[in-house]
Amino acid sequence: MSGAADSAPPRPGAPAGRLKKRKDFLRVASRGKRAARPGLVLQAAPGDAGTLRIGFTVTKKVGNAVVRNRARRRLKEAARLTLPGLGAAGWDLVLIGRDGTGRREFATLVADLRGALRQAGVTP
RNA sequence: UCAGACGGCCGGACGGCCGCUGGCCCGCGAGCGAUCGCGGGCUGGAGGAAAGUCCGGGCUCCACGGGACUACGGUGCCGGUCAACGACCGGCGGGGGCGACCCCAGGGAAAGUGCCACAGAGAACAGACCGCCCGUCCGGCUUCGGCCUGACGGGCAAGGGUGAAACGGUGGGGUAAGAGCCCACCGCGCUUCCGGCAACGGCGGCGGCACGGCAAACCCCACCGGGAGCAAGGCCGAAUAGGGGCGGACGGCGAGGCGCCGAAAGGUGUUGUCGCAAGGGCGGUCCCGCCCUUCCGCCCGGGUUGGCCGCGCGAAGCCCGCAGCGAUGCGGGUUCCAGAGGAAUGGCCGUCCGUGCCCGCAAGGGCACGACAGAACCCGGCUUACAGGCCGUCUGGCGCC
RNA sequence: CGGGCAGUAGCGCAGCCUGGUAGCGCAUCAGUCUGGGGGACUGGGGGUCGUGGGUUCGAAUCCCGCCUGCCCGA
């Protein structure tokens with residue numbers, strides 16, 4: 001699983017991979033810190049040193065497939081615009097979509113993410 | 001112009017910046033190499049329902065030699081279309097609407113079984129409560145013709161009443177009162193002839209009410225149906241294995257092999273090589289057929305992180321022409337049009353479009369919102385959801401010429 | 001991807017197969033017993049039968065479409 005990361009030097013601060021396995025999500029949920037905002041819920045746990053991995057969860061309660069896709073894509077975009085340069089390497093993050101994720105003003109959603117990262121101790 | 005019916009179509013448009021993903025190309029690096037990594041450029045990138053998964057196919061694997069019976073499921077007027085269908089088209093029959101049109105699981109009730117509550121006298125080869133009529137008798141009245149109440153005997157089913165449904169309906173004749181008892185029309189059944197490929201329809205004749213309804217009750221008849229599903233299935237790589245051990249029982253018959261005896265016929269021992277038998281399997285049963293297996297007991301022993309193919313040139317889309325009422329078919333031209341895998345198609349901004357609200361006398365401005373909904377192997381249908389809009393044909397009403 | 005079950009009163013369930021009356025328990029309301037509570041007894045109220053159609057004279061029940069929830073198998 002780490003073969004690609006070895007031969008591909010990532011951009012500084014950019015996510016190096018996605019969390020894909022159920023057990024990764026369970027580990028972050030059980031051992032990590034939580035920070036909730038109206039637009040999202042963040043779970044963060046220390047992972048492999050030097051790499052930042054991120055996963056997304058949007059459950060069926062949020063809505064149908066269109067609504068869930070939209071929430072996940074907006075979270076991806078917010079993470080893409082926010083995380084580089086924050087020095088979050090070494091963390092595994094899980095972003096969970098909520099009812100407000102799809103409708104919330106995008107700038108506010110980004111602010112939610114920054115605040116959640118601070119609360120969870122990922123960034124100072 | 002208003003109301004309505006049907007058919008077809010669109011389902012936000014254009015642009016900028018930053019991203020994601022498939023393909024192609026270029027550069028750099030690694031490697032003997034296939035190739036891999038990074039960077040850059042060009043280009044493709046959700047739907048009419050992608051949805052629900054209700055049918056039908058393609059494709060893939062499994063089973064399969066044939067037949068009979070049975071079970072289960074589905075379909076059900078006729079003809080056509082289609083690769084196929086439970087879909088579609090055109091008819092027929094029935095029902096609804098002033099109409100354009102719409103709706104219908106629409107075979108069989110004289111094969112059998114069953115059900116028809118309540119009400120009602122009677123509910124399936126029925127029945128007489130009120131009633132109508134005739135006769136006899138008792139009583140009363142009498143303008144002596146008769147009338148009335150009641151009882152008994154008999155005839156009737158027209159009228160009232162019950163019901164979803166009352167054993168044909170309406171009218172006339174007829175009669176003591178009645179009755180298909182007779183007649184006309186309607187309905188029903190049978191039928192000659194005619195039209196139609198057919199479902200069926202029409203004219204006529206006969207019968208003379210004899211066959212009530214429910215099969216989306218069981219059922220009968222006809223036709224159709226092998227099972228599973230892309231997590232199908234295949235390849236590569238990794239790993240473990242596809243077994244091992246111990247003990248016991250015997251191998252039911254025949255053939256063959258091998259050993260021994262014998263000149264030979266043969267005998268004898270051994271052996272799971274072959275056949276039969278036995279056991280098991282081939283949805284259920286049966287027949288033939290095929291396949292598998294020495295048997296029993298105990299003990300020990302696994303693995304599944306990944307990559308690639310399948311995976312998009314197809315019953316394909318678009319534009320014409322011809323045939324057909326139409327579904328559709330045929331011919332010509334043209335286009336290549338998503339391929340992810342915790343799963344790409346996004347974020348932000350501007351102009352326009354539409355809708356709503358607010359400010360304003362107005363010009364205009366501001367704010368918010370953008371229907372239903374996201375490909376997961378593919379295709380043909382069905383069903384369901386859906387803001388707003390466009391085009392065409394037709395019907396009814398009103399007004400005008 | 002494939003298969004199955006359920007939806008009936010505030011809650012938990014019958015009734016459906018074999019069509020005509022929706023019933024049981026708890027809860028709730030009123031009354032009686034008690035000084036009051038608890039409890040017991042008596043009586044009462046309450047249901048678009050998930051939804052939209054169809055078949056039938058008549059549908060919770062039979063048939064079809066849809067919605068919601070749950071459970072299996074791969």
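Letters A, B, ... mirror the listed sequences (proteins, then strands); counts begin at 1. Not measured: the values here are computed from a predicted model.
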In terms of base orientation, is B:rA362 syn or anti, with the syn window spanning 90° either side of 0?
-> anti
What form does the base of B:rU334 take, syn (within 90° of 0) or anti?
-> anti
Candidate nucleotides B:rG347, B:rA373, B:rC18, ranked by approach to the side chain of A:Asn64 - the nearest = B:rA373
Side-chain contact check for A:Thr57: nearest option of B:rG342, B:rA344, B:rG374 is B:rG342
Counting only side-chain N and O atoms of A:Arg70, is one of them less than 4.0 Å from OP1 or OP2 of B:rG347?
-> yes
Sugar-phosphate, base or nothing in reach of A:Asn69, heavy atoms under 4.0 Å | base
Using the P atom as the reference point in each nucleotide, state the distance between B:rC313 and B:rG339 in Å, no decimals.
-> 10 Å
Candidate nucleotides B:rG19, B:rU345, B:rG342, ranked by approach to the side chain of A:Arg73 - the nearest = B:rU345
Partner of A:Asp112 under salt bridge (Lys or Arg N to Asp or Glu O under 4.0 Å), picked from A:Arg104, A:Arg37, A:Arg118, is A:Arg104
Between A:Arg104 and A:Val67, which has a closest nucleotide on RNA chain B that is more 5'?
-> A:Arg104
The answer to which of A:Lys76 and A:Glu105 contacts RNA chain B further toward the 5' end, by nearest nucleotide, is A:Lys76
Are A:Val62 and A:Val66 connected, step by step, through hydrophobic side chains (Ile, Leu, Val, Met, Phe, Trp, Tyr) whose heavy atoms are closer than 4.5 Å?
-> no
P atom, B:rG74 versus B:rG227: distance in rounded Å?
-> 14 Å
Note, A:Leu117 side chain near A:Leu113 side chain (heavy atom, < 4.5 Å) = yes
Side-chain N,O (A:Arg80) to OP1/OP2 (B:rG346) below 4.0 Å = no
Find the partner of B:rU384: check Watson-Crick (N1-N3 plus N6-O4 or O6-N4) and G-U wobble (N1-O2, O6-N3) distances, both under 3.5 Å, and reply none if neither fits.
-> none
Working for salt bridge (charged side-chain N to carboxylate O under 4.0 Å, His left out), residues A:Glu77 and A:Arg80 = CA-CA 5 Å; A:Glu77 184 70 7; A:Arg80 184 181 70 86; 2.6 Å; yes
A:Phe106, A:Leu42: one ILVMFWY side-chain cluster at the under-4.5 Å cut-off?
-> yes
Integer angstrom distance from the C1' of B:rA316 to that of B:rC379 = 10 Å
Looking at every strand, decide which applies to A:Arg74 at a 4.0 Å heavy-atom threshold: base, sugar-phosphate, or nothing.
-> sugar-phosphate
B:rG329 versus B:rC89 - spacing of their C1' atoms, nearest Å = 14 Å
If we take the P atom in both B:rA199 and B:rC190, what is their distance in whole Å?
-> 15 Å
Determine the Euclidean distance between corresponding C1' atoms of B:rC290 and B:rC246; express it in Å to zero decimal places.
-> 38 Å
Any chain of hydrophobic side-chain contacts (each under 4.5 Å) joining A:Ile96 to A:Val58?
-> no
Base-pairing mate for B:rG259 - Watson-Crick or G-U, with both contacts under 3.5 Å | B:rU268
What is the nucleic acid contact for A:Arg103, judged by heavy atoms within less than 4.0 Å: base, sugar-phosphate only, or nothing?
-> nothing
Assigned chi class of B:rC337 under the 90° convention is syn
Hunt down the Watson-Crick or G-U wobble partner of B:rG19, both distances under 3.5 Å, from any strand shown, or write none.
-> none
Applying side chain to side chain contact (heavy atoms under 4.5 Å, CB included), name anything that partners A:Arg103, two or more places apart in sequence or on another chain.
-> none
A:Arg34 atom CZ: more than 12 heavy-atom contacts under 6.0 Å = no
In which ranges does RNA chain C form stems of 3 or more consecutive Watson-Crick or G-U pairs, distances under 3.5 Å?
-> C:1-7 with C:67-73, C:10-13 with C:23-26, C:28-33 with C:39-44, C:50-54 with C:62-66
Using Watson-Crick geometry (N1-N3 plus N6-O4 or O6-N4) or G-U wobble (N1-O2, O6-N3), each under 3.5 Å, B:rA199 is paired with none
Provide the Watson-Crick or G-U wobble partner of B:rC308, both distances under 3.5 Å; none if there is no partner.
-> B:rG234
